[in-house]
Student: 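One structure, pasted below without further comment.
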There are 2 protein chains.
Amino acid sequence: MRKSKRERQRLLQETIRENPFVTDEELAEKFSVSVQTIRLDRLELSIPELRERIKHVARQSFADKVRALPLEEVIGDIIDIEPDASAISIFDVKEEHVFRRTRIARGHHLFAQANSLAVAVIHDELALTAKATIRFVRQVKAGERVVAKAKVTGKTKSGRTVVDVNSYVGQELVFSGTFEMYRSNMEKKDGDSNEYRD
Amino acid sequence: MRKSKRERQRLLQETIRENPFVTDEELAEKFSVSVQTIRLDRLELSIPELRERIKHVARQSFADKVRALPLEEVIGDIIDIEPDASAISIFDVKEEHVFRRTRIARGHHLFAQANSLAVAVIHDELALTAKATIRFVRQVKAGERVVAKAKVTGKTKSGRTVVDVNSYVGQELVFSGTFEMYRSNMEKKDGDSNEYRD
DNA sequence: TTACTTTTAGTACCTAGTCATAAAATCGGA
DNA sequence: TCCGATTTTATGACTAGGTACTAAAAGTAA
């Protein structure tokens, strides 16, 4: 059955959002209307043509790619970094990061921000978290901006680097953690458990 | 001065690699040759036309984005649960969960699996992680299946529930953590057959 | 000059559209 | 059921950024 205009336009938006590479012709076939109708729909919904959509997606990703490679894998945006000393990142808590019912941020996102910052601050080819002690000091809600501050504080006797990370919303401490990081270029060679290299 | 054919084609490749959004016309102007010459060059160098280049960039980034979205939600599948006692979940480590270079799983995914299992095992309206001590025992690689086992081990004097989570690949322990969970209804033991907190 | 490479020009055709106009089909209400 | 409005479809002219092909002009080396 052919849907109503409203319903078709709703589905059209959804379809294009899911697959921006779809042509008007394909959409026309999908909704059993003429190509002209699809074009009228796009006009009414202010959806740009295929090529413009593709260009937009490409431009975005190209801009992203220009960002430094190691920083790309960090959760949150690094705004300051002094290798092997300190680093700061910000992470905006959005709806997708919180429990639906309570709107409180899920712990692993705060952990991910802190952990990836601890990885980033270490100026080495390979950095992995060996151990961590973390404390969720207060709940973070959607809409809040979390500023994580990492500081390299020392080394364990086994040669691991210790990084302290404190995360704040405004002046308020919301998360704190101590990370023991394993790194590849340790001056002291220790018979650590099975490390994996490729 | 107009460069030799060889030199022009070398620069052409470089230019397009740096900016795939450049048209033949712009290139012709840049190298002071005709558009036809540029097209001949692309033909000889097997460089696709502008639209194909853009499409390629867009397709790549789109695939990445589709993979990145569920990354935020996937924290393992619960395969067994005994409320307020124990729970088991599995998590398949895929390419999107690992560091590209080393193919070692990023710590926050293992944490997320364990943490969300600790949340799930607590049979209450609200469960939040207050504190956690975790240990990454051995590195997990892409393709491996991580089985997390949570066990409620007791309570702190402040009334928090303590959950121990151990994660395995096969028989081998890869992650272990102790989670101190805050919960809303601490004394109440209602038979509320609630939904899973996502 | 001849022979060859390189460059330029021009044509027809393509896709996936744009914009504008007009006709046909469908729908809701009295 | 007819009327007017909305919605859909058709048509034509035009666009960018090409492909594919043919042909001629310009440059170069012997």
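Here is the naming used below: chain letters follow the sequence lines, and residue numbers restart at 1 for every chain.
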Student: How is B/R42 classified with respect to the nucleic acid when contacts are heavy atoms under 4.0 Å: base, sugar-phosphate, or nothing?
Tutor: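 Sugar-phosphate, no base atom in range.
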Student: Classify the angle between the aromatic ring planes of B/H109 and B/H97 as parallel (below 30°), tilted (30 to 60°) or perpendicular (above 60°).
Tutor: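 The rings of B/H109 and B/H97 stand perpendicular, inter-plane angle above 60°.
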Student: Should A/T37 be listed as having a side-chain N or O under 4.0 Å from OP1 or OP2 of D/dT9?
Tutor: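 For D/dT9, OP1 or OP2 has a side-chain N or O of A/T37 closer than 4.0 Å.
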Student: Consider the side chain of A/L40, meaning its heavy atoms from C-beta on, and name the nucleotide among C/dT7, C/dA16, D/dT8 that approaches it most closely.
Tutor: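 For the A/L40 side chain, the nearest candidate turns out to be D/dT8.
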Student: With respect to B/R10, which candidate in B/Q13, B/E14, B/R6 satisfies the side chain to side chain contact (heavy atoms under 4.5 Å, CB included) definition?
Tutor: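 So, applying the side chain to side chain contact (heavy atoms under 4.5 Å, CB included) to B/R10 and each of B/Q13, B/E14, B/R6, only B/E14 qualifies.
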Student: At what distance, to the nearest 0.5 angstrom, does OG of A/S89 lie from CD of A/Q113?
Tutor: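 Between atom OG of A/S89 and atom CD of A/Q113 there are 4.0 Å.
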Student: Taking only N and O in the side chain of B/T23, is any of them less than 4.0 Å away from OP1 or OP2 of D/dG17?
Tutor: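 Negative; the distance criterion is not met.
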Student: Give the rounded distance in Å between these two atoms: CZ of B/R39 and C1' of C/dG10.
Tutor: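 Atom-to-atom, B/R39 to C/dG10, this comes out as 12 Å.
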Student: Round to a whole Å and report the spacing from CD of B/E29 to P of D/dG17.
Tutor: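 After rounding, the reported distance stands at 13 Å.
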Student: Take the protein atom NZ of A/K5 and the nucleotide atom P of D/dA5, then report the distance between them rounded to whole Å.
Tutor: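 Rounded to whole Å, this separation is 16 Å.
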Student: Using whole Å, what does the distance between atom C1' of nucleotide D/dT9 and atom CG of A/L43 come to?
Tutor: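 After rounding, the reported distance stands at 16 Å.
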Student: Using heavy atoms to find the nearest nucleotide of DNA chain C for B/V35 and B/K55 separately, return the residue whose nucleotide is more 5′.
Tutor: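 Between the two, 5'-proximity favours B/V35.
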Student: If I take atom CZ in residue A/F31 and atom P in nucleotide D/dT9, what distance separates them, rounded to the nearest angstrom?
Tutor: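 It works out to 13 Å between those atoms.
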Student: Going from CG on A/L128 to CD on B/Q139, what distance comes out if it is rounded to the nearest 0.5 angstrom?
Tutor: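 One gets 5.0 Å once the value is rounded to the nearest 0.5 Å.
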Student: With nearest nucleotides of DNA chain C determined for A/E25 and A/Q36 from heavy-atom distances, which residue corresponds to the more 5′ nucleotide?
Tutor: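 That would be A/E25.
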Student: Could you grab the distance from atom CZ of A/R103 to atom CD of A/E144, nearest 0.5 Å is fine?
Tutor: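 Rounded to the nearest 0.5 Å, the CZ-CD separation comes to 9.5 Å.
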Student: Parallel, tilted or perpendicular for B/F175 and B/F136, by the 30°/60° rule?
Tutor: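 Plane angle over 60°, so perpendicular.
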Student: Between C1' on D/dT6 and CG on A/D41, what's the gap in Å once rounded to a whole number?
Tutor: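 These atoms are roughly 14 Å apart.
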Student: Measuring from B/D164:CG to B/K149:NZ, what's the distance to the nearest 0.5 Å?
Tutor: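 Rounded to the nearest 0.5 Å, the CG-NZ separation comes to 14.0 Å.
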Student: What's the CG-P distance between A/L12 and D/dT8, to the nearest Å?
Tutor: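 So the CG-P distance, A/L12 to D/dT8, works out to 12 Å.
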Student: Respond yes when some side-chain nitrogen or oxygen of A/R8 is under 4.0 Å from OP1 or OP2 of D/dT8, and no when none is.
Tutor: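 Indeed, a polar side-chain atom of A/R8 lies that close.
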Student: Can you tell which of C/dT7, C/dA16, D/dT9 lies closest to the side chain of A/V33?
Tutor: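 For A/V33, the side-chain atoms sit closest to D/dT9.
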Student: Near DNA chain C, under 4.0 Å by heavy atom, which residues of residues 46-53 of chain A?
Tutor: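 Here the set is A/E49, A/L50, A/R51.
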Student: Of the options D/dG18, C/dG17, D/dT8, whose atoms approach the side-chain atoms of B/D24 most closely?
Tutor: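 Ranking D/dG18, C/dG17, D/dT8 by closest atom to the B/D24 side chain puts D/dG18 first.
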Student: Can you tell me the distance, in whole Å, between the CZ atom of B/F21 and the P atom of D/dG17?
Tutor: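 Answer to the nearest Å: 14 Å.
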